[in-house]
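Here is the structure we will look at, set down as structure tokens.
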Amino acid sequence: MNQPVKIALVTGASRGLGKNTALKLAEHGNDVILTYRSSQAEAEAVVKEIERLGRRAAALPLDVEITSTFADFAAKLREALKAWQRDRFDFLVNNAGIGIHASFAETTEAQFDQLVNIHLKGTFFLTQKLLPLIADGGRIVNLSSGLARFSLPGYAAYAAMKGGIEVLSRYMAKELGPRGIGVNVVAPGAIETDFGGGAVRDNKQLNAMIASQTALGRVGLPDDIGGVIASLLSAENSWINGQRIEISGGMFL
């Protein structure tokens with residue numbers, strides 16, 4: 001008897017690591033609902049790429065910074081699931097985020113609040129709002145950062161939010177366990193994307209410095225991340241729970 005196709009929701013998947021994750025999930029045989037904040041055209045292009053892979057997809061707008069919109073988003077997601085004749089989805093990947101580079105001494109309260117709202121408060125309350133729509137036995141992956149383990153000047157506030165995500169994820173795993181929902185964290189190292197203004201990708205000096213401090217001798221690429229998340233969400237890895245998995249090629253070992 002054929003098992004139902006799994007449906008994954010990936011936030012912030014119009015570009016970067018979210019896009020790569022959505023495509024890798026599709027390659028692994030999952031259907032995907034992705035969210036975007038403002039790049040609808042890019043999101044729809046990702047939908048078409050997923051469809052070319054033979055999977056179904058949809059794109060919904062969502063600004064994870066504004067918690068007051070989450071109830072409306074949940075209603076739209078419930079409506080979108082009707083296309084699958086389903087009322088629940090299986091996998092949630094909390095990927096949406098921004099990068100702000102500022103020294104501890106110069107970080108403003110506005111920057112701090114924005115990072116809290118997007119990375120910590122947004123993940124907390126979006127997941128809470130979506131709990132009725134996540135299937136029992138489903139799985140959640142939250143995105144952290146290698147910066148929660150090692151320290152680079154200029155990322156104190158950002159890394160503090162990711163440290164919070166790592167603690168939150170363990171509590172989520174504990175409290176959602178009775179529903180059979182597993183929760184893990186993946187923590188990418190430095191990746192060549194447009195994240196944070198594309199500094200890792202475009203600044204040759206920074207790129208070379210990171211590569212020199214990475215055991216595998218290079219900076220990460222989006223393809224290094226999405227496949228790990230897709231694998232983590234596969235049935236073969238369903239016994240991994242409450243864990244932090246760093247995907248950095250061995251940075252600062």
Side-chain angles (χ1 to χ4, degrees), residues 3-37 39 42-60 62 64 77 80-81 84 86 89-97 123 127 130 134-135 137-146 165 169 181-195 198 200-201 216 218-241 243-251:
Q3 293 292 321
V5 170
K6 301 294 187 182
I7 303 171
L9 173 65
V10 184
T11 65
S14 62
R15 57 189 174 85
L17 298 187
K19 173 183 175 179
N20 188 270
T21 298
L23 294 174
K24 292 295 184 182
L25 281 164
E27 289 175 7
H28 280 67
N30 303 284
D31 290 349
V32 183
I33 299 173
L34 56 108
T35 79
Y36 63 92
R37 185 176 64 85
S39 305
E42 291 181 355
E44 295 296 345
V46 177
V47 168
K48 287 182 169 57
E49 286 190 61
I50 291 170
E51 290 172 345
R52 283 195 290 270
L53 292 169
R55 303 310 325 162
R56 298 177 66 180
L60 298 174
L62 172 68
V64 297
L77 176 59
L81 286 168
W84 280 266
R86 299 265 296 273
F89 67 98
D90 303 280
F91 306 138
L92 171 61
V93 181
N94 284 307
N95 165 78
T123 295
T127 305
L130 296 181
I134 300 174
R139 294 177 68 74
I140 298 170
V141 173
N142 295 322
L143 269 288
S144 179
S145 169
I165 284 294
S169 297
I181 297 173
V183 184
N184 291 291
V185 167
V186 296
I191 308 295
E192 290 187 4
T193 68
D194 57 4
F195 186 79
V200 172
R201 179 192 61 205
L216 292 180
R218 64 171 176 84
V219 169
L221 301 171
D223 273 345
D224 296 319
I225 308 302
V228 176
I229 295 173
S231 176
L232 189 58
L233 291 171
S234 69
E236 290 82 358
N237 287 320
S238 62
W239 199 237
I240 299 174
N241 192 29
Q243 302 303 305
R244 176 193 190 271
I245 299 170
E246 184 169 313
I247 320 169
S248 69
M251 281 183 69

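As the structure is a prediction and not an experimental result, all values here were calculated from the model.
For NZ of K19, the number of neighbouring non-hydrogen atoms (other residues, nucleotides, ligands) closer than 6.0 Å is 12 at most.
Between the CG atom in N241 and the CD1 atom in I181 there is a gap of 10.5 Å [rounded to 0.5 Å]. Rounded to the nearest 0.5 angstrom, E51 CD and E49 CD are separated by 11.0 Å. Distance check, rounded to the nearest 0.5 Å: CG of L25 to CG of N30 gives 5.0 Å. Note that the CZ atom of R139 and the CG atom of L233 stand 6.5 Å from one another [nearest 0.5 Å].
We find that R55 and E27 are not joined by a salt bridge, their nearest charged nitrogen and carboxylate oxygen being 4.0 Å or further apart. With respect to R86 and D31, no salt bridge is recorded, no charged nitrogen being found less than 4.0 Å from a carboxylate O.
Heavy-atom minimum distance, P188 versus S144: CD-O, 3.4 Å. Taking each heavy atom of L53 and L23 in turn, the nearest pair found is CD1-O, 3.9 Å.
Contact annotation: the side chain of T127 approaches that of I140 to within less than 4.5 Å [non-hydrogen atoms, C-beta and beyond]. At a threshold of 4.5 Å between non-hydrogen side-chain atoms, the residues I191 and L17 count as touching. Annotation: side chain of R218 is in contact with side chain of D224 (closest heavy-atom distance under 4.5 Å). The shortest distance between side-chain heavy atoms of D90 and I134 does not fall below 4.5 Å. In this structure, the side chains of L77 and F89 come closer than 4.5 Å at one or more pairs of heavy atoms. Contact check for L232 versus N184: side-chain heavy atoms found under the 4.5 Å cut-off. Counting only heavy atoms from C-beta outward, the side chains of F91 and I7 never approach each other to under 4.5 Å.
Under the side-chain contact (heavy atoms from CB on, under 4.5 Å) rule, N94 has a single partner from V64, L9, T123, which is T123.
For the 3.5 Å distance criterion, the side chains of N95 and T21 fail to qualify, holding no donor opposite an acceptor. N20 and D223 share a side-chain donor-acceptor pair at under 3.5 Å. A donor-acceptor contact under 3.5 angstrom links the side chains of N142 and S169, judged on distance only.
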